[in-house]
Amino acid sequence: MKVNIMKTVAAAILAAMMISPVVRAASQEINETKEQRDARMAWWRDARFGMFVHWGLYSGLAGTWDGKPVGTKGGMEWIQQRVKVDTDTYAKRAIPLFKPSPDFAREWAKLAREAGCRYIVFTTKHHDGFALHNSRVSDYDAGSVLNRDLVKEIVDAARAEGLRVGFYHSVIDWHHDQYEYARSKQLPHPLKGKPYPNGERTHAKYLDYLHGEVNELVSNYGVVDVLWWDYSAQDFQGDEAWKAFELMQKVREKQPAIIMNNRLFRSQEAGWSSMGTAGYIPRLDPKHGDFITPEQHIPATGMPGIDWETCMTLNTTWGYSEHDKAWKSDETLIRNLIDIASKGGNYLLNIGPKGDGSVPEESIKSMHAIGAWMKINGESIYGTSASPFEKLTWGRCTQKSQAGGKTRLYLHVFDWPTDKTLVLPGLVNKPAKAVMLTDSRSLNVTTCDNRVTIAIPVEAPDKIATVIALDIEGLPKVIKPQ
Ligand code: FHN
């Protein structure tokens with residue numbers, strides 16, 4: 001009881017602090033030169049590969065309600081909405097099953113590093129509204145319920161493994177009693193279509209809470225590298241829904257180098273063409289965020305000048321489900337990573353830990369398989385940019401500039417040619433050397449009539465993707481074959 005009184009007093013003080021005497025007109029414009037933006041985005045663009053983590057009260061329910069599977073496919077982090085129960089019913093079932101082990105966070109961070117991830121983005125609060133940090137503006141949080149600050153535990157573990165840290169934060173909230181869910185026909189809510197329990201709501205009060213919680217997250221955990229907002233609808237977005245520009249401005253005041261995605265908005269200017277998770281367009285006004293977020297989808301081509309990140313699950317659900325066995329193959333996962341990098345994007349690959357924080361065995365196996373490939377071939381992903389070729393019949397290509405005006409092309413061969421030659425049609429540049437990353441073997445390389453040909457062994461050393469590093473003189477020049 002004492003804790004809650006203290007929290008209420010603290011919340012009132014904090015709310016008063018947040019409402020500045022002169023309501024600031026949130027600046028929508030970003031005063032940042034291209035050079036400053038490139039410097040701020042540099043680590044993220046070089047990283048190319050991050051681990052997403054969906055973990056919260058839903059994880060302990062594991063896709064099961066009343067002893068039955070809620071489904072075998074799709075996001076079980078939505079279980080409260082899928083079974084359509086109010087927040088109290090949901091919490092009563094879920095809280096007893098959410099029992100984080102003492103060292104869960106270290107397991108995650110170690111797995112991310114072993115997989116070759118350079119950053120981790122984890123759910124500080126998903127749509128169910130339960131906060132993983134020790135909040136002073138909420139009593140639906142790990143501090144109140146578990147007397148732990150799970151965000152701090154995860155941040156400390158991630159930093160100990162040298163990972164950059166990202167906070168996923170849901171602006172949608174199925175717990176807060178002032179969140180006006182009736183204002184959107186497109187956003188989900190377990191009580192959608194029903195009248196607000198306990199009478200009319202004032203969304204502005206929810207926004208004070210949302211801004212207050214975000215303020216705690218960007219004030220109390222050191223440097224936060226990424227803020228991964230989630231998500232808006234075409235009928236409820238931006239300033240109307242979240243006081244988005246003010247929220248982003250407050251975040252930038254506390255975290256000047258932070259990188260934020262485009263999901264406080266759902267408009268063409270923010271890179272969205274529809275409500276579909278693949279409904280993105282290669283367009284982003286920087287005031288709406290720093291990168292666009294194709295979900296469960298890899299763009300068909302690169303998007304020059306646009307920063308983007310594809311987020312994907314290892315099976316079909318973001319939050320843990322004991323019923324979802326549709327695990328993607330190692331080949332699919334590794335080739336997705338390569339395909340995305342060859343188009344100049346980042347890959348945010350999700351794990352959904354169980355209620356105790358442990359990682360499903362299948363996820364560990366997948367992440368270790370990627371890590372084994374990255375151990376040999378990581379230089380062909382990290383710090384690279386998109387392929388200079390429109391299409392290659394046998395695989396993908398990434399590139400990295402080298403000293404002395406050379407460029408290194410990384411040729412990721414999926415379909416190993418049977419005639420012992422690998423051809424790069426249309427490449428005009430003079431080749432300098434070719435080396436197989438798997439065993440550092442030098443390969444004979446010739447050029448004739450704007451075609452570069454590399455002599456390769458009969459068998460592919462790596463059936464999933466063998467990488468050949470080809471150094472060429474100058475910047476790549478490719479002409480369309482006649
Ligand atoms: O509704 C969420 C979903 O649960 C999950 O968090 C994904 C991850 O990008 N985002 C939303 C759906 O787009």
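Whatever order the structure lists them in is the order used to number ligands and atoms, beginning at 1.
The shortest N or O to N or O distance between Trp228 and ligand 1 is not under 3.5 Å. Here's the thing with Trp318: none of its N/O atoms is less than 3.5 angstrom from an N/O atom of ligand 1. Some N or O of Trp78 is nearer than 3.5 Å to an N or O of ligand 1, by distance alone.
Taking each of Glu295, Glu309, Gln81, Glu77 in turn, the one with a heavy atom nearest to atom 3 (C) of ligand 1 proves to be Glu77.
Taking the six-membered ring where the residue is Trp, Phe245 and His288 present tilted rings, their angle falling between 30° and 60°.
If you number the atoms of ligand 1 from 1 as listed, the ones under 4.0 Å from a heavy atom of Arg263 come out as 9 (O), 10 (N), 13 (O). Near Asp230, meaning under 4.0 Å from one of its heavy atoms, ligand 1 places the atoms 2 (C), 5 (C), 6 (O), 7 (C), 10 (N), 11 (C). Close approach to Cys311 involves these atoms of ligand 1, each under 4.0 Å from a residue heavy atom: 9 (O). For ligand 1, the atoms sitting less than 4.0 Å from at least one non-hydrogen atom of Tyr168 are 6 (O), numbered in the order shown with element in parentheses.
The cationic group of Arg335 lies under 6.0 Å from the six-membered ring centre of Phe414 and within 45° of the ring axis, placing it in a cation-pi geometry. Annotation: cation-pi pair Arg93/Trp65 present, NZ/CZ under 6.0 Å from the ring centroid and within 45° of its normal.
With 3.5 Å as the limit, one finds no donor-acceptor pair spanning the side chains of Asp324 and Thr317.
Note on residues 188-197: no pairs pass side chain to side chain donor-acceptor pair (under 3.5 Å), not counting sequence neighbours.
In terms of protein heavy-atom proximity, atom 6 (O) of ligand 1 is nearest to His54 NE2, 2.7 Å.
Counting heavy-atom neighbours within 6.0 Å of Lys328 NZ, excluding the residue itself, gives a total above 12.
Annotation: ring pair (Phe, Tyr, Trp, His ring centres under 6.0 Å) contacts of Trp55 (sequence neighbours excluded): Phe98, Phe104, Trp108.
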